[in-house]
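Please read the structure below before turning to the comments.
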Amino acid sequence: MAKNAAENTPSAENIRDAVAAIEKIDQELLTEKMAYMKRCKVIRDRRADQFDHAADRGIRKKLLKAKIKERSLLRKADAVADDFEEDDRNEYAMLSEKLGEFGDTPLGAAALARAGNAHAPA
């Protein structure tokens, strides 16, 4: 025998309890986020102070930021294959070898061309 549709409908009290519990958790998340952002601000301020200190020593902030970003991206690129299993890592290395690390870039092509002429008289 099928249940009455009213039996499948949650009570108003159950709905209020669920909403209250979720809103309490949302408030906890907001509190944690605010504390986290406050801690991050202290760290970001220290980072900005280091850029100012470097600028005082004659290092241009724009160029220093670019170099730091480049180094971060290179670390990320180097880590791409870190989580591969051994056979995937070997195949990845083979693909890299066959493609050539820099040969397809204008700078790499120029370096390869120059290396090919390294023994020729200047």
Side-chain angles (χ1 to χ4, degrees):
M1 177 170 190
K3 286 186 175 184
N4 184 349
E7 292 177 23
N8 289 330
T9 304
S11 70
E13 183 180 354
N14 287 342
I15 294 170
R16 281 191 297 272
D17 290 347
V19 168
I22 291 169
E23 286 178 341
K24 181 180 178 192
I25 292 170
D26 286 346
Q27 186 58 45
E28 289 175 33
L29 282 171
L30 181 59
T31 300
E32 286 298 317
K33 183 177 181 180
M34 290 170 43
Y36 167 78
M37 295 303 289
K38 188 174 181 179
R39 289 190 309 270
C40 287
K41 184 182 182 321
V42 172
I43 295 168
R44 283 192 302 275
D45 289 346
R46 285 188 7 234
R47 185 176 191 266
D49 289 345
Q50 287 301 314
F51 278 109
D52 290 340
H53 184 65
D56 291 343
R57 293 179 163 190
I59 302 169
R60 290 179 47 199
K61 286 184 190 182
K62 177 181 174 180
L63 301 179
L64 182 57
K65 286 180 181 183
K67 181 50 75 175
I68 289 172
K69 183 175 184 176
E70 175 190 52
R71 290 168 52 95
S72 175
L73 291 171
L74 287 172
R75 282 191 295 273
K76 286 179 185 178
D78 288 343
V80 166
D82 286 352
D83 293 333
F84 290 163
E85 293 181 16
E86 186 64 30
D87 58 334
D88 289 337
R89 200 172 303 126
N90 292 336
E91 185 173 347
Y92 183 81
M94 178 272 304
L95 289 171
S96 296
E97 181 181 324
K98 291 200 183 259
L99 285 172
E101 210 168 325
F102 302 107
D104 294 334
T105 66
L107 180 60
L112 290 173
R114 183 173 178 138
N117 296 328
H119 300 294

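We're numbering straight along the sequence, starting at 1.
Residues E91 and D87 have side chains not in contact (no heavy-atom distance under 4.5 Å, counting atoms from C-beta outward).
L63 contributes atom CG, which lies 11.5 Å from atom NZ of K65 (distance to the nearest 0.5 angstrom). Between the CG atom of L95 and the CG atom of D88 there is a distance of 10.5 Å, given to the nearest 0.5 Å.
With sequence neighbours excluded, the residues satisfying side-chain hydrogen bond (donor to acceptor under 3.5 Å, both in side chains) with E86 are R89. Scanning for side chain to side chain contact (heavy atoms under 4.5 Å, CB included) contacts around I22 gives D26, with sequence neighbours left out.
Under a 3.5 Å cut-off, the side chain of S72 and the backbone N or O of I68 do not form any donor-acceptor pair.
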Can you list the steps and then say if D17 with E13 is a side-chain contact (heavy atoms from CB on, under 4.5 Å)?
CA-CA 6 Å; D17 290 347; E13 183 180 354; 3.9 Å; yes
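In M34, the CE atom is not crowded: 12 or fewer heavy atoms of neighbouring residues, nucleotides or ligands sit closer than 6.0 Å. Counting heavy-atom neighbours within 6.0 Å of E28 CD, excluding the residue itself, gives a total above 12. At most 12 non-hydrogen atoms from other residues, nucleotides or ligands lie less than 6.0 angstrom from CG of D83.
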Donor-acceptor pairs under 3.5 Å, side chain of residues 35-54 to any protein atom, not counting sequence neighbours: which ones?
unit_1: K41; atom_1: NZ; unit_2: D45; atom_2: OD2; d: 3.0
unit_1: D52; atom_1: OD1; unit_2: K61; atom_2: NZ; d: 2.5
unit_1: H53; atom_1: NE2; unit_2: R57; atom_2: NE; d: 3.4
unit_1: H53; atom_1: NE2; unit_2: R57; atom_2: NH2; d: 3.4

